[in-house]
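The structure appears below as structure tokens.
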Number of protein chains: 2
Amino acid sequence: MAKIKIQLNETKKDSILKNAAMLFRSKGFKATSVRELADTLGVEAPSLYNHIGSKAELLQEICFDIAADYSTFMQTIISSPENADKKTKKLIEFHIQKLFIDFDKVYVADYEWKQLPKKQLGEFLIQRKIYENNFVEIIEEGIKKKLFKKLQPRITVLTILSAVRGLEFLKSKKNNFTVEVLQQNMVNHLLNGITN
Amino acid sequence: MAKIKIQLNETKKDSILKNAAMLFRSKGFKATSVRELADTLGVEAPSLYNHIGSKAELLQEICFDIAADYSTFMQTIISSPENADKKTKKLIEFHIQKLFIDFDKVYVADYEWKQLPKKQLGEFLIQRKIYENNFVEIIEEGIKKKLFKKLQPRITVLTILSAVRGLEFLKSKKNNFTVEVLQQNMVNHLLNGITN
DNA sequence: TTACAAAACTAACAGTTATTAGTATTTCTT
DNA sequence: AAGAAATACTAATAACTGTTAGTTTTGTAA
């Protein structure tokens, strides 16, 4: 009788979520079967249901965990006394670092959220919108203080968020840039592009 | 006996591809069933097989059509006598315009290519890589001629391509920016961010 | 050792999937 | 109008889906 494979300092639930995120990222949520997930954990599919409620619940936990992390960081940024340019810099750096630490989960939250059950999809989009609005306010603040050029704040935010979201392409390639190099390059590009 | 719905100056195949792209974008390739596609065309599912080879073939045609369009445009850019900054500007503008003209198909090519059958997935990634490499060369040329700052060209290209890929979020919202406004903002942001 | 809970197993389900076979109907060509 | 080609239909398929039921094994505490 096989047991769910776990690593040191990891609960079974952690292991399930980690493997689910890996599969959901590489194949997509819909294209990943519960049997497949069970395989990677070295166990039969129905055994998983001693630990999870449903397949959809896994996607849900991944997406909302990541959303919560972003929300938490945004709160610390908002309540910090720094200027808009420094805030923006820190946000860009955070996104890049977060992608490296929680690659699979961040990817899933970025690209597979559409597969969330209808009700949670709505809640997820609301949280995204709040995050985006917070970011827009920071940009607007920067424009008001003449730190930033007069561009449409919403387009600026979308441009920045999209750019950092696209980093997944660099992870799996030979071009193995370090987090620091990526942060430096992208801050330079994306921040200087809107700075007066 | 129902007939496949088509619009003026549109072949049946066009209509099938258009509706497929719309569904693949909004629900995902895997989550879209052939029956569903048939429904939107006002016909029974098996009838579609008089016009298509398989569901996968539809995804294939969408992805490679778009890839060909990008490749064609890249060739005209490469063989033009303009400077790297003008070339980059035109590429950014093209991406934005293309997204507005062929929204569903561009989205599918950007986000659903992972679901391509293995062999075509390889070919698709090769074409992407070629496009990316061409773009990298343009950036390198700009750096050599001191038009651009000394940043990692590959990161710069990824940043630009990811940023324009993310525009889908603006289409479906109240913020109805015109193509021109988006082009102006993003060129300003993304091009000035790397310009000396 | 015994009892109990946690977690694994096998078997099976009802539903959905893309697709094929075979047949009827419509449309085009002559 | 007749014959051919295109295109629609119904019925059925085998494979796969997430999940449940019921049972057996394992781990833990007395």
Side-chain angles (χ1 to χ4, degrees), chain A residues 1-7 10-24 26-63 108 112 114-121, chain B residues 1-8 10-21 23-24 26-63 108 112 114-121:
Chain A
M1 250 179 179
K3 286 168 59 181
I4 289 179
K5 289 178 192 160
I6 58 170
Q7 308 218 349
E10 194 186 44
T11 69
K12 287 177 187 173
K13 192 62 181 289
D14 285 342
S15 182
I16 294 172
L17 279 171
K18 199 184 62 184
N19 282 272
M22 188 249 290
L23 288 168
F24 294 169
S26 57
K27 311 193 51 176
F29 173 75
K30 271 275 179 181
T32 300
S33 73
V34 176
R35 281 168 180 82
E36 223 169 339
L37 171 58
D39 266 355
T40 72
L41 292 160
V43 99
E44 295 299 320
S47 305
L48 285 185
Y49 287 82
N50 288 315
H51 307 279
I52 69 173
S54 66
K55 183 191 171 190
E57 191 193 83
L58 290 172
L59 179 62
Q60 194 195 136
E61 292 187 37
I62 292 168
C63 290
V108 170
E112 296 292 325
K114 276 195 180 184
Q115 306 300 332
L116 283 168
K118 215 185 302 180
K119 187 173 179 180
Q120 288 134 31
L121 188 139
Chain B
M1 250 181 179
K3 285 167 57 180
I4 289 179
K5 288 178 194 161
I6 58 170
Q7 308 217 350
L8 251 73
E10 194 186 43
T11 68
K12 287 176 186 173
K13 192 61 182 289
D14 286 342
S15 182
I16 294 172
L17 279 171
K18 198 183 64 183
N19 282 273
L23 288 168
F24 293 169
S26 58
K27 310 193 54 176
F29 173 75
K30 272 276 179 181
T32 300
S33 72
V34 176
R35 282 168 178 82
E36 223 168 339
L37 172 58
D39 267 355
T40 71
L41 292 159
V43 98
E44 295 299 319
S47 306
L48 284 186
Y49 286 82
N50 288 316
H51 306 279
I52 69 173
S54 67
K55 183 191 170 189
E57 192 192 82
L58 290 172
L59 179 62
Q60 195 195 135
E61 293 186 39
I62 292 168
C63 289
V108 170
E112 294 293 325
K114 277 196 180 184
Q115 306 299 331
L116 282 168
K118 216 185 303 182
K119 188 174 177 179
Q120 287 134 31
L121 187 139

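Chain A is the first sequence line, chain B the second, and so forth, proteins listed ahead of strands; every chain is numbered from 1.
Comparing the end axes of the helix from dT1(C)-dA30(D) to dT30(C)-dA1(D), each fitted to five base pairs by superposing C1' atoms of four pairs onto the next four, gives an inter-axis angle of 20° (nearest 10 degrees).
Spacing between atom CD of Glu44(B) and atom P of dC9(D) amounts to 5 Å, rounded to whole angstrom units. Between Lys13(A) atom NZ and dA7(C) atom P the separation is 12 Å, expressed in whole Å. In this entry the distance linking NZ of Lys12(A) with P of dA5(C) reads 17 Å, nearest Å. Atom CG in Leu23(A) sits about 12 Å away from atom P in dT17(D), given to the nearest Å. Look at CD1 on Ile4(B): it is 13 Å from C1' on dC9(D), rounded to the nearest Å. Whole-Å rounding puts the Ile6(A) CD1 to dA8(C) P distance at 10 Å.
Residues passing the salt bridge (Lys or Arg N to Asp or Glu O under 4.0 Å) test with Lys18(B) are Glu10(B), sequence neighbours excluded. Listed by chain and residue number, nothing satisfies the side chain to side chain contact (heavy atoms under 4.5 Å, CB included) test with Ala2(A) (two or more places apart in sequence, or in another chain). Applying the side-chain hydrogen bond (donor to acceptor under 3.5 Å, both in side chains) test to Ser54(B) and every residue at least two apart in sequence or in another chain returns nothing. For Lys13(B), the salt bridge (Lys or Arg N to Asp or Glu O under 4.0 Å) partners two or more places apart in sequence, or in a different chain, are Glu61(B). Partners of Ala45(B) by side chain to side chain contact (heavy atoms under 4.5 Å, CB included), not counting sequence neighbours, listed by chain and number: Val34(B), Arg35(B), Ala38(B). Evaluation of the salt bridge (Lys or Arg N to Asp or Glu O under 4.0 Å) rule for Lys114(B) yields no partner, not counting sequence neighbours.
Interface remark: the Asn50(A) side chain does not form any donor-acceptor pair with the dA6(C) base, using a distance-only criterion of under 3.5 Å.
If you take CG on Leu59(B) and OG1 on Thr32(B), they are separated by 10.0 Å, rounding to the nearest 0.5 Å.
Counting only residues at least two apart or on different chains, no salt bridge (Lys or Arg N to Asp or Glu O under 4.0 Å) pair has a member in residues 39-58 of chain B.
A close approach under 4.0 Å does not occur between any side-chain nitrogen or oxygen of Ser47(B) and OP1 or OP2 of dT7(D). Side-chain N/O atoms of His51(A) include none lying less than 4.0 angstrom from OP1 or OP2 on dA6(C).
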### Message
I need a per-nucleotide contact map over nucleotides 13-27 of chain C, read 5' to 3'. Cutoff is protein heavy atoms under 4.0 Å; write B for the base, S for backbone only, - otherwise.
### Response
----BBBB----S-S
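Here the closest heavy-atom approach between residue Gly28(A) and residue Gln115(B) is recorded as CA-NE2, 4.3 Å.
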